[in-house]
2 protein chains.
Amino acid sequence: MAENIVQGLRDEIENGIVTNQYVPGERLDEMQLAKHFGVSRTPVREALMQLSAIGLVEIRPRRGAVVVEPGPHRIYEMFEVMAELEGMAGSLAARRHTDADRNELLAAHAKCELSSNIDDADTYYYDNETFHRAIYTASHSSFLIEQCLALHRRLRPYRRLQLRVRNRMKTSFNEHGAIVQAILSGEAEAARTHLREHIAVQGDRFSDLIATLAAQRKGASG
Amino acid sequence: MAENIVQGLRDEIENGIVTNQYVPGERLDEMQLAKHFGVSRTPVREALMQLSAIGLVEIRPRRGAVVVEPGPHRIYEMFEVMAELEGMAGSLAARRHTDADRNELLAAHAKCELSSNIDDADTYYYDNETFHRAIYTASHSSFLIEQCLALHRRLRPYRRLQLRVRNRMKTSFNEHGAIVQAILSGEAEAARTHLREHIAVQGDRFSDLIATLAAQRKGASG
DNA sequence: ATTACAATTCTTGTATACAAGACTGTTGAC
DNA sequence: GTCAACAGTCTTGTATACAAGAATTGTAAT
């Protein structure tokens, strides 16, 4: 965090938000943050402005910044868009992937197999992230990659919740298999469809999401 | 711009960028902007921070803010993503549009017909914007709407350039017809496809874009 | 006891001051 | 004549001071 204070603060606070260190609805006191990071209010404010522009915090005039609290419906909408973007990335990846991309994808896939076999949710979570990033990269569209990374990051906490659902890890891994197959064999539309369905919060998974959200909320407050 | 200075500055500068008042590559001097808007550097900086977070300006450490200059390839990528998002909006709109949405869409379509008939590029540009917004609205996905509006805004200057191409207005309007038909008859996939192709910068349109970009660049510097 | 109003305190919003790095222009040397 | 180095200036980055609005608490009245 040495070189660029504002950027560092932004990352630090953003990280705090997506890791639920700062919970939705929480007020972010400028003075408090400034003290905590050992800087003045100025860079803190500038970092908060950036987060506000991204949509992670809301700044209400004269009333400070609060962590935005997306309702279940909005989270659903975000997953809906994420599904589309990932589908697009998969489609492009199927057409454009290089040998290097192929190796990265297969390596990430293998790692996911390991962590899903030993049933380690935390490890799977990270390996899964690597897997999806490999797809983004293989799309070779820098703008799309940025959009995917940004949205993926925002959905981090909820993605993590989903893995808690029984058997989700195994199911997820199986879906990965079909995705890898489609991408590597160049079937753009199949890759798109599989990825879209892999991400989308459809049917049971929507009620699962609501339930786990409610459970988490309860756990946090009690 | 009275109520919230930073927000107002952000909008003002952002507008200046998408209307080419501040050209890509131009340095945005904090002191100059502050003087121009009659405020101090503090709110100007905060506004620039927001624009930096959105990706409209780039802040290089100790070297100030410059308007980002997306190369042709990056602009192409942005249109590519926009096409996908609009396609998604169209697909959702086909399934979810209400009677009110239907009326708005038809009204916007009629306006486009008028302005394309009198061959008024500026008017068509605005009516076209209204048309696309009507589709976003009909998707009834607030997050998607926000994403579409944001990207649409960023692509404004290039969209405008495209209308200069011979017959593009007439072609555009005809494409609108197919889109309206698909959405109102509930054909989600047809709506998606038509919109995607309407937005995408494919084939000739890519070289047209490059050419008009180059022409504009030349005109601006001379 | 509860509610409403007022005063105080606290926080945000903006301006300004100060420090440090980048740019520019000039001078000197090769 | 050209290139490099140094000095001066300018701009950014951060801190602090000051003003104004919001929240809270206390008191008084019903």
Side-chain angles (χ1 to χ4, degrees), chain A residues 1-17 20-70 220-221, chain B residues 1-17 20-70 220-221:
Chain A
M1 211 190 83
E3 42 179 43
N4 196 327
I5 291 186
V6 173
Q7 205 64 17
L9 286 173
R10 193 189 77 91
D11 291 347
E12 209 69 37
I13 299 173
E14 178 176 351
N15 217 46
I17 292 174
N20 259 338
Q21 182 185 338
Y22 304 120
V23 297
E26 180 173 344
R27 175 138 165 219
L28 297 172
D29 188 277
E30 295 174 2
M31 203 58 191
Q32 201 171 309
L33 287 167
K35 257 184 204 160
H36 179 253
F37 290 109
V39 295
S40 83
R41 276 176 55 221
T42 308
V44 171
R45 276 183 66 84
E46 292 182 351
L48 288 176
M49 286 294 173
Q50 292 204 21
L51 293 177
S52 147
I54 299 174
L56 270 176
V57 308
E58 190 184 340
I59 298 181
R60 291 167 318 184
R62 291 265 172 210
R63 300 184 62 189
V66 295
V67 179
V68 291
E69 182 159 16
S221 69
Chain B
M1 210 190 82
E3 44 179 42
N4 195 328
I5 293 185
V6 172
Q7 206 64 17
L9 286 173
R10 193 189 78 91
D11 291 347
E12 208 70 36
I13 300 172
E14 178 176 351
N15 217 47
I17 292 174
N20 259 338
Q21 182 185 336
Y22 304 120
V23 298
E26 179 172 346
R27 174 138 166 220
L28 297 171
D29 188 276
E30 295 175 1
M31 203 56 191
Q32 201 172 311
L33 288 168
K35 256 183 204 158
H36 180 253
F37 290 110
V39 295
S40 83
R41 276 176 56 221
T42 307
V44 170
R45 278 184 63 85
E46 292 182 351
L48 289 176
M49 287 293 172
Q50 293 204 21
L51 293 176
S52 148
I54 299 174
L56 269 176
V57 308
E58 189 185 341
I59 298 182
R60 290 166 319 184
R62 291 263 172 213
R63 302 184 61 189
V66 296
V67 180
V68 291
E69 183 159 15
S221 69

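Within every chain, numbering begins at 1; the chains are lettered A, B, ... in the order of the sequence lines, protein sequences first and strands thereafter.
Every pair passing salt bridge (charged side-chain N to carboxylate O under 4.0 Å, His left out) that includes a residue from residues 32-41 of chain B is listed here, sequence neighbours excluded: B/E30-B/R41.
Counting only distance, with no hydrogens or angles, the side chain of A/Q7 and the backbone of A/N4 share no donor-acceptor pair below 3.5 Å. Looking only at distances, no side-chain donor or acceptor of B/N20 sits under 3.5 Å from a matching main-chain atom of B/V23.
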**Q.** Full working for side chain to side chain contact (heavy atoms under 4.5 Å, CB included) between B/V66 and B/L28
**A.** CA-CA 6 Å; B/V66 296; B/L28 297 171; over 6 Å; no

Q) For nucleotides 7-15 of chain D, read 5' to 3', which letter fits each nucleotide if B means a protein heavy atom sits under 4.0 Å from the base, S means only the sugar-phosphate is that close, and - means neither? A) ----SBBBB

Side-chain donor-acceptor contacts of residues 49-60 of chain B below 3.5 Å, not counting sequence neighbours, with atom names and distances?
residue	atom	partner	partner atom	Å
B/Q50	OE1	B/R10	NE	3.4

Q) Which dot-bracket notation, 5' to 3', represents the base pairing of DNA chain D when pairs are defined as Watson-Crick or G-U with both distances under 3.5 Å, crossing pairs as [ ], and inter-strand pairs as |? A) ||||||||||||||||||||||||||||||

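Here the straight-line distance linking atom CG of B/N15 with atom CD of B/E12 works out to 7.0 Å at 0.5 Å rounding.
The salt bridge (charged side-chain N to carboxylate O under 4.0 Å, His left out) check on B/E69 picks up B/R217, with sequence neighbours excluded.
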